[in-house]
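The block underneath contains the structure these notes are about, expressed in structure tokens.
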There are 2 protein chains.
Amino acid sequence: MTGDNSEFSVIDRLFKPLAGLNAEARGLIDDVAVLGAREGYDLVVTTDAMVEGVHFLSTDPLDQVARKLLRVNISDLVAKGADPYGYQLLTAWPKGMAYEGKAAFAAGLRIDQDEFDFDLFGGDTVSTEGPLLLSITAFGHAPVGRALSRAGARVGDRLLVGGFIGDAHLGLRVLRGEFDELSEAHKAHLVQAYRLPQPRDDLAEVVLDHAHASMDVSDGLIADALHMARASEVTLVIDLDRVPTSAAARAAIALGADVTDLITGGDDYQILCTANAAGAEALKAAGLHEIGHCEAGTGEVSVISGGKVIEIEDKGWVHV
Amino acid sequence: MTGDNSEFSVIDRLFKPLAGLNAEARGLIDDVAVLGAREGYDLVVTTDAMVEGVHFLSTDPLDQVARKLLRVNISDLVAKGADPYGYQLLTAWPKGMAYEGKAAFAAGLRIDQDEFDFDLFGGDTVSTEGPLLLSITAFGHAPVGRALSRAGARVGDRLLVGGFIGDAHLGLRVLRGEFDELSEAHKAHLVQAYRLPQPRDDLAEVVLDHAHASMDVSDGLIADALHMARASEVTLVIDLDRVPTSAAARAAIALGADVTDLITGGDDYQILCTANAAGAEALKAAGLHEIGHCEAGTGEVSVISGGKVIEIEDKGWVHV
């Protein structure tokens, strides 16, 4: 692990304990990590960064930001059917950032490293005149040649999603003061979904065994379905009425939230995948929800509700 | 590869061509990369970030910044005896950054990807209110169990360096208007060393075969020797009179540059390694320079000149 000179004590005090005794990290006394090949497995690699004011709020507690950072990356891995392994960490601290904030960040990493059996291998620390920026390059293992892609959807496939859509988007709006009439329990549920997504590592194996295409929903259901449709060169049809929503989300809809906001919001970190009919049954038995199907096409997403096609204005997600 | 929605066209237009046809990148249409295990080899991993105003100047051309970013990471790999393989790229663009700048950056990546046979596998693009931040997590292959560490120095070892020390530091000062009396050729040499370091991939194999400890010099010769001394729990003795300097650096010294600035400056990206007497001979035959030796100790660096120990005030490097 490397860092500006002023950062060496931060590395020693905060990050070396996170590397623990894993051989890959070389105790963080070296400036590289060394990953042995696991016979029969490919290494699945993903990079996701979070910027203060864009991907998280300045008021979000830094231990939870750390955990979200890990979870966002772990979510990517498990959606590919990969077993989370470890990560390289980049921290760009704003100049003058207090040690306490860095310590809270490291404490959050510790919690979710243990939770997901996910090790720190190395990284870099720098300082910046700009906002806090955090990035992870995460590694997982998948059986050789089997890591799922968003390019694997086939005409005739069913489209499935791992769990509730829209909670994180609504949680962000709760943090901004909207939906004040919601119950405290519902508000807490939505804020928790925003701050601390739950990677579906419990579903990685069944998805690996049955899905044709798979990814996690980070930019919003519609935007990510569009990525899958384009990569697979098909049309994905989503039945809005079948998209699973939480009781808290339904309460927010009753208070005026637009259901299309839920599917264009982001930060869900649910698995989105396709499978043939038999695979879809196995996936549903594991708890996934069928929300549509896959037709011949050239990279479109079609949303239906009440049996009719509806237009979604904003298919993208413009972060915080 | 992933990115903010506004960045998808940048990914399509600038980064997809950089991923080319390598299987690992999945054409950048997926959100993960997949690296097959190479039998008999470990994967060596390093992360190095560069921040505008800290690690490079706002006036540095972005194609050269891109090339330096790749070279800094490749330098880390080859110092460990690893064969450069490919990388994950994180770009945090300042809001409103012109497309032309991004295109220049991508063009620089293309040049050095080809130069070093180094492929883009994936990454993330985000935007920030802060300065431009660029980070790479780089991968290389080393024979199983043989990747060199900075913790391997043994008492009695010779200390060697791959080439000129101090040029990059002086180049930065030339860019800031110092040493105006230098010849244009000398100024160009020093600025080139700062902007476009030369990773010593030509030395990776001989270093792998003969060195006990190895790393590249990025924070300055003294600071990095100190890292090696601490990791190896030895004392490294550096004979200042034997540290190789370029004709341009000697001209700058004649104009008043302090020789200790050269060894406390940074950005050299030369290999620093130790080896036993026979190994040192092989390394010197390959062009490395013997600059000192390794004594029993507990993590110190001792600098001698004219046979006497000299005190170096500032052992660290406080970037740009």
Side-chain angles (χ1 to χ4, degrees), chain A residues 2 4-6 26 29-39 41-51 53-55 76-77 80 82 88-90 92 94 121-124 126-131 133 135 137 142 144 147 149-151 215-216 218-219 223 227 230-231 316-319, chain B residues 2 4-6 26 29-39 41-51 53-55 76-77 80 82 88-90 92 94 121-124 126-131 133 135 137 142 144 147 149-151 215-216 218-219 223 227 230-231 316-319:
Chain A
T2 53
D4 292 1
N5 279 350
S6 58
R26 294 183 158 186
I29 63 170
D30 201 13
D31 45 352
V32 295
V34 180
L35 280 53
R38 189 174 294 186
E39 203 181 338
Y41 289 83
D42 289 331
L43 197 66
V44 179
V45 183
T46 182
T47 299
D48 270 295
M50 289 173 39
V51 182
V54 183
H55 303 87
D76 251 338
L77 296 174
K80 302 303 176 178
Q88 294 281 111
L89 173 68
L90 170 68
F121 292 155
D124 196 8
V126 295
S127 60
T128 173
E129 299 285 349
L133 181 148
S135 179
T137 293
V144 168
S149 162
R150 58 188 184 192
M215 66 186 300
D216 71 336
S218 54
D219 291 340
H227 293 147
R230 286 177 181 161
W317 178 47
V318 187
H319 299 281
Chain B
T2 52
D4 292 359
N5 279 350
S6 57
R26 294 184 158 185
I29 62 170
D30 202 10
D31 44 354
V32 296
V34 180
L35 281 52
R38 189 175 293 188
E39 203 181 338
Y41 288 84
D42 289 331
L43 198 66
V44 179
V45 182
T46 182
T47 298
D48 271 295
M50 289 173 39
V51 182
V54 182
H55 304 87
D76 251 338
L77 295 174
K80 303 301 175 178
Q88 293 282 109
L89 173 67
L90 171 69
F121 292 155
D124 196 8
V126 294
S127 61
T128 173
E129 299 284 350
L133 181 149
S135 179
T137 292
V144 168
S149 163
R150 58 189 183 191
M215 67 187 299
D216 71 336
S218 53
D219 292 340
H227 292 146
R230 287 178 179 160
W317 178 47
V318 187
H319 297 282

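Chain letters run A, B, ... following the sequence lines, proteins first, then strands; residues in each count from 1. Since the structure is predicted, the reported quantities are computational estimates derived from the model, not experimental observations.
The residue among B:D48, B:L89, B:L133, B:D216 with the most heavy atom pairs within less than 4.5 Å of chain A is B:D48. Heavy-atom pairs under 4.5 Å with chain A were tallied for B:A142, B:S149, B:A147; the largest tally goes to B:S149. For the set A:A49, A:P94, A:G130, the count of heavy-atom pairs under 4.5 angstrom toward chain B peaks at A:A49. Interface check for chain A: of the options B:D42, B:V45, B:V144, the most heavy-atom pairs under 4.5 Å are formed by B:V45.
In this structure, the portion of B:T137 lying under 4.5 Å from any heavy atom of chain A is its side chain and not its backbone. Contacts between A:V34 and chain B at a heavy-atom distance below 4.5 Å involve backbone atoms as well as side-chain atoms. Using a 4.5 Å cut-off between heavy atoms, B:V32 contacts chain A through both its backbone and its side chain. When heavy atoms are compared at a cutoff of 4.5 Å, A:F121 does not approach chain B at all.
In this structure, NZ in B:K80 is found 6.5 Å from CZ in B:R150, a value given to the nearest 0.5 Å.
With a 6.0 Å radius and a threshold of 12 heavy atoms from other residues, nucleotides or ligands, B:R26 has its CZ atom above the threshold.
With sequence neighbours excluded, no residue forms a side chain to side chain donor-acceptor pair (under 3.5 Å) with A:S135. For B:A37, the side chain to side chain contact (heavy atoms under 4.5 Å, CB included) partners two or more places apart in sequence, or in a different chain, are A:A37.
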Criterion side-chain contact (heavy atoms from CB on, under 4.5 Å) on B:V54 and A:V126, from CA distance to verdict: CA-CA 9 Å; B:V54 182; A:V126 295; over 6 Å; no
Report the C-alpha separation of A:D31 and B:T46 in whole Å, then their side-chain angles, then the decisive distance to 0.1 Å, and conclude whether the side-chain contact (heavy atoms from CB on, under 4.5 Å) test is met. CA-CA 7 Å; A:D31 45 352; B:T46 182; 5.8 Å; no
